[in-house]
Chemist: 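Dropping the structure in here first, questions after.
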Amino acid sequence: MNSIQPIEELIKEYLLFRGFSLTFRSFETDCRNDRDKGFHAEKIIEELYSFIANSDINGLLDYWEYLNIRYFSRLDARYFGSVKKFKLSLLRYYLVYATQQKRKEKVLEFFDTFEADLNGNSEWSKWFGLPFSKNPAADPYFEPFFTKQWLETFTASLHNFLNTIFQNMPWPSLLCFNIDRLHKRALESEIQSLHNVIVDLKTKIEHYDAEIANLRQAAAQPQELLNHINTQRYTKSLLDQKNKDT
């Protein structure tokens, strides 16, 4: 993901070099309005939550539909259930946040707008009573959705889901070239680091070998002195014996 921005800068540089000023300005505009957010999952979630913070249900659904067409609809069919659950949780968070901000009119507007779609759906049957609950955060059914833990769990799950999609989708050749270049540079840096470790180990080994040689030499000197003393004693003993015999 980090290699996208450098590639975009190279494209801008090339467009200016070729004198494609109109294309350059158009490309800059597209980059500023990038709905993919550079394939950063946390920025996409921030965009979704910004619609919730502003009680913009139409913007929220429009952006989710963009993600659905752009990514989710291309997934294997076994992931469609997960996509449906994420949308369900996102809409529930919209209602929870509006309730916490005391925007009861937005909650009522939501059910008025989508009553035909939600009516008869068992996953939404109890939620029609949300705007009429005096304290939904204390209600046994709604209480879990008003906790910080529920929001953190939902956010982390959606973040991991988006990251998995981005990491496994096919990349264009230009981006793959830059990724390979960065990978090669990382390998070269790792090889140089390992080379430095080897050189350091060789230096330490040579130092240890020198210390061992000095210790052996130091240990040999007392033995040589002892041998010399013993030889002198033996010689003196022989002379004493010879004089005695004489």
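Along the sequence shown, residues carry numbers from 1.
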Chemist: Between Lys106 and Glu109, is there a side-chain N and carboxylate O pair less than 4.0 Å apart?
Modeler: yes
Chemist: Would a 4.5 Å heavy-atom cut-off, applied to side chains only, mark Val96 and Trp150 as touching?
Modeler: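 When only atoms from C-beta onward are counted, Trp150 and Val96 do not touch, as no gap falls below 4.5 Å.
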Chemist: At what distance, to the nearest 0.5 angstrom, does CG of Leu158 lie from OG1 of Thr153?
Modeler: 12.5 Å
Chemist: Nearest 0.5 angstrom please: Cys31 SG to Lys12 NZ, how far?
Modeler: 5.0 Å
Chemist: Verify the neighbour count for atom CD of Glu13: are there more than 12 heavy atoms of other residues, nucleotides or ligands below 6.0 Å?
Modeler: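 No, because the 6.0 Å sphere around CD of Glu13 holds 12 heavy atoms or fewer from other groups.
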Chemist: Membership question, hydrophobic clusters at under 4.5 Å side-chain separation (ILVMFWY): are Leu88 and Tyr71 in the same one?
Modeler: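 Yes; tracing contacts between hydrophobic side chains, which count when under 4.5 Å, links both residues.
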Chemist: Short question: side chain of Thr147, backbone of Glu143 - any donor-acceptor pair under 3.5 Å?
Modeler: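 No, Thr147 side chain to Glu143 backbone: no donor-acceptor pair under 3.5 Å.
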Chemist: For Lys87 and Leu61, work out which heavy atoms get closest and say how close.
Modeler: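 For Lys87 versus Leu61, the nearest heavy atoms are CE-CD2, 4.1 Å.
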Chemist: Going only through I, L, V, M, F, W and Y residues with side-chain contacts under 4.5 Å, is there a path from Tyr66 to Phe39?
Modeler: yes
Chemist: How many angstroms lie between CD in Glu42 and OH in Tyr49, if you round to the nearest 0.5 Å?
Modeler: 12.5 Å
Chemist: What is the minimum heavy-atom distance between Tyr141 and Asp139, and which atoms define it?
Modeler: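 For Tyr141 and Asp139, the tightest heavy-atom pair comes out as N-OD1, 2.8 Å.
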Chemist: For the CG atom of Leu95 and the CZ atom of Phe110, what is their distance to the nearest 0.5 Å?
Modeler: 4.5 Å
Chemist: Counting neighbours of CD on Glu190 that are heavy atoms of other residues, nucleotides or ligands and sit closer than 6.0 Å, is the number greater than 12?
Modeler: no
Chemist: Is the CD atom of Glu188 crowded by more than 12 outside heavy atoms at less than 6.0 Å?
Modeler: yes
Chemist: Closest approach of Phe161 and Ser82, non-hydrogen atoms and distance?
Modeler: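 Here Phe161 and Ser82 meet closest at CE1-CB, 4.4 Å.
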Chemist: Between Phe154 and Tyr93, is the ring centroid distance below 6.0 Å?
Modeler: no
Chemist: Under the 3.5 angstrom rule, does the side chain of Ser26 hit a backbone N or O of Thr23 as a donor-acceptor pair?
Modeler: no
Chemist: Between Asn119 (side chain) and Glu115 (backbone), is there a donor-acceptor pair under 3.5 Å?
Modeler: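 A pair under 3.5 Å: no.
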Chemist: Side chains of Leu67 and Phe86: does their closest heavy-atom pair fall under 4.5 Å?
Modeler: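 A side-chain contact is absent here, since even the closest heavy-atom pair is not under 4.5 Å.
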Chemist: Please check this pair: side chain of Asp200 against backbone of Asn196, looking for a donor-acceptor N/O pair closer than 3.5 Å.
Modeler: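 The answer is no, because no donor-acceptor pair under 3.5 Å joins these two groups.
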Chemist: With rounding to the nearest 0.5 Å, note down the distance linking CZ in Arg92 to CG in Leu151.
Modeler: 14.5 Å
Chemist: Verify, without hydrogens or angle tests, whether Ser50 (side chain) and Glu47 (backbone) share a donor-acceptor contact under 3.5 angstrom.
Modeler: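 Confirmed, Ser50 side chain pairs with Glu47 backbone.
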Chemist: Work out which heavy atom in Asp36 is nearest to a heavy atom in Ile44; give both atom names and the distance.
Modeler: O-CD1, 3.7 Å
Chemist: For Phe27 and Glu8, work out which heavy atoms get closest and say how close.
Modeler: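 Scanning both residues, the minimum pair turns out to be CE2-O, 3.7 Å.
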Chemist: Measuring from atom CD1 of Ile45 to atom CG of Leu90, what distance do you get when rounded to the nearest 0.5 angstrom?
Modeler: 9.5 Å
Chemist: Please report the closest heavy-atom contact between Pro144 and Pro140, naming both atoms and the distance.
Modeler: CD-O, 3.8 Å
Chemist: According to the interplanar angle, ranging from 0 to 90°, do the rings of Phe72 and Trp64 count as parallel (below 30°), tilted (30 to 60°) or perpendicular (above 60°)?
Modeler: tilted
Chemist: Please determine whether the number of non-hydrogen atoms from other residues, nucleotides or ligands lying under 6.0 Å from atom OH of Tyr79 exceeds 12.
Modeler: no
Chemist: Main chain of Arg35, side chain of Tyr63: is a donor-acceptor contact present, judged purely on distance under 3.5 Å?
Modeler: yes
Chemist: Is it the case that the ring center of Phe128 lies less than 6.0 angstrom away from the ring center of Trp124?
Modeler: no
Chemist: May I ask you to check whether Tyr94 and Phe51 place their ring centres under 6.0 Å from each other?
Modeler: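 Centroid separation for Phe51 and Tyr94: 6.0 Å or greater.
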Chemist: In this structure, which one of Asn58, Asp56, Ile57, Asp62 forms a side chain to side chain contact (heavy atoms under 4.5 Å, CB included) with Leu60?
Modeler: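 Looking at Asn58, Asp56, Ile57, Asp62, the match for Leu60 under the side chain to side chain contact (heavy atoms under 4.5 Å, CB included) is Ile57.
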Chemist: Which residue is it: Phe132, Phe114, Phe142? I am looking for the one with a ring-ring contact (aromatic ring centres under 6.0 Å, His included) to Trp127.
Modeler: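 Only match with Trp127 under ring-ring contact (aromatic ring centres under 6.0 Å, His included): Phe142.
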Chemist: Using 30° and 60° as the class boundaries, would you call the ring planes of Phe17 and Tyr14 parallel, tilted or perpendicular?
Modeler: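 Rings of Phe17 and Tyr14: tilted, 30 to 60°.
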